[in-house]
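Working notes, beginning with the structure itself.
In this text the structure is predicted, and so the values were computed from the model without any measurement. Along the sequence shown, the residues carry numbers beginning at 1.
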Amino acid sequence: MSIRPRELPPTKRWKAGTAKYVGTLVYLDEPQVVFLDHGDDAKIIGVAIEREGLTLGFLGAEIDFKQWERYRRQFVDLRYLFLLPRWRKWYLFDLAQLKADKTVPLTRAKEDVYRNQEYLPSHGFFAREHTEPMDEIIKTSFGTQKYLIDGNWDPADLSLFFGRINDLYSFFLGIRKFLSRHTTTDQKQGLIRAFTDNSLHSGFNYVNFFGDLKGLVGFDERLAMGSIVKRSPGFVDVEGKADTLAEITTAFAVFTNSFEVLKAQYNHLHSYLHKMKLLKRASDRFDNTGAVAKYIDEKNKEFAKSLGLDHAAIDKLTGSNSLLVAKILLSYYRRLERYQLFFAEGRVKLDDGSFADNPKS
């Protein structure tokens with residue numbers, strides 16, 4: 001397993017006319033791209049410029065942490081941050097004026113400065129071009145899971161494999177967000193709708209269910225495919241919230257270690273719903289108080305425990321509808337089984353830390 005979690009350090013508000021130097025992102029003879037902390041979800045990313053009156057001059061754009069994460073994960077390039085910074089503020093500063101406490105004076109840049117094409121970074125400069133380690137610049141709660149791949153892979157295979165991971169990631173993240181005290185009431189209501197609104201007249205629509213969960217994941221939380229080396233053997237780096245990636249790894253271990261038990265429980269629950277003609281029954285047309293509901297609830301608890309899932313959380317998300325819980329558990333099992341198939345084929349395995357990649361080879 002190769003998940004590298006990192007914690008976000010606390011921020012403070014600096015004086016309006018100063019910011020704190022955090023580190024250098026690109027160094028070529030001297031700093032070319034630097035990162036400053038302006039406090040309270042305000043960061044400044046600066047690019048070196050030549051300007052009269054500045055010894056080590058920089059133009060900086062004030063962004064928020066979500067923009068930084070999107071840039072760091074290569075959803076946007078550096079130029080985008082300067083064209084559309086979250087806080088719509090640009091600054092000039094001189095690193096030659098850096099003080100002992102690492103603060104540097106700021107001067108608000110006028111439009112003719114921050115729109116000057118000679119100062120703006122070029123299109124296509126992404127975070128992968130950084131020369132200095134970002135982990136030492138700013139730490140986050142994100143991590144990377146490295147999957148070792150072998151055999152033949154085409155783009156459709158990679159897309160399908162990533163989709164399998166994304167389904168599980170969105171499922172675990174959705175439950176984690178629902179249980180978090182930091183999640184707003186509106187966000188929790190959205191998660192409840194995802195867990196309940198897909199109980200259609202044709203039965204539980206698990207395709208829409210997982211799609212809705214993905215739609216509730218913010219840009220700053222989304223799963224991303226990082227480095228890919230398609231040689232045999234090669235690897236795929238998948239980046240996301242470290243704790244959620246770890247849940248996928250744990251779920252996979254539970255599945256492989258208890259496959260026979262889980263398969264038997266899945267078959268029994270699925271067969272019972274089929275026998276009672278409940279597989280296509282909408283949850284709002286199901287008697288959730290009778291003996292059948294109580295039996296399904298009992299089997300749900302056993303199945304969820306074997307899967308390592310929080311039955312109480314799923315029960316709460318579904319309004320304690322045992323039929324709906326059963327269909328969610330069945331669909332989750334199928335997603336996990338399809339994820340495991342890539343490993344069974346011998347084309348994927350988790351990195352145990354022994355893989356040494358050489359990006360130049």
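- The residues R176 and E221 are annotated as not salt-bridged, no charged nitrogen and carboxylate oxygen being separated by less than 4.0 angstrom.
- Separation of the F161 and Y147 ring centroids falls under the 6.0 Å cut-off.
- The pair K146-D351 does not meet the salt-bridge criterion, since no charged nitrogen lies less than 4.0 angstrom from a carboxylate oxygen.
- Aromatic pair F195/F178: centroids not less than 6.0 angstrom apart.
- For the pair E302 and K299, the salt-bridge criterion is met [side-chain N within less than 4.0 Å of a carboxylate O].
- Between K43 and D37, some side-chain heavy-atom pair lies under the 4.5 Å cut-off.
- A salt bridge does not link R338 with D167: none of the charged nitrogens is closer than 4.0 Å to a carboxylate oxygen.
- Counting only N and O atoms by type, the side chains of D186 and T184 include no donor and acceptor under 3.5 Å apart.
- The cationic atom of R335 (NZ for Lys, CZ for Arg) lies less than 6.0 Å from the six-membered ring centre of F210 and within 45° of the ring axis.
- Under a 3.5 Å cut-off, the side chain of N300 and the backbone N or O of S322 do form a donor-acceptor pair.
- Between R334 and E337 there is no salt bridge, since none of the side-chain N atoms of the basic residue sits less than 4.0 Å from a carboxylate O of the acidic one.
- Between Y119 and Y114, the ring center distance fails the sub-6.0 Å criterion.
- Between H130 and Y71, the distance separating the two ring centers is shorter than 6.0 angstrom.
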* CA sep, side-chain torsions, deciding dist, call: L106, H38, side chain to side chain contact (heavy atoms under 4.5 Å, CB included) -> CA-CA 10 Å; L106 301 174; H38 209 203; 3.6 Å; yes
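- Both F82 and I49 belong to a common hydrophobic cluster when Ile, Leu, Val, Met, Phe, Trp and Tyr are linked at side-chain heavy-atom distances under 4.5 angstrom.
- Closest of all the heavy-atom pairs between A42 and E62 is CB-OE2, 3.3 Å.
- Of the possible donor and acceptor atoms, none in the side chain of S159 sits under 3.5 Å from a partner among the backbone N and O of P155.
- Partner of E69 under the side-chain hydrogen bond (donor to acceptor under 3.5 Å, both in side chains) criterion, out of R72, K66, Q67: R72 alone.
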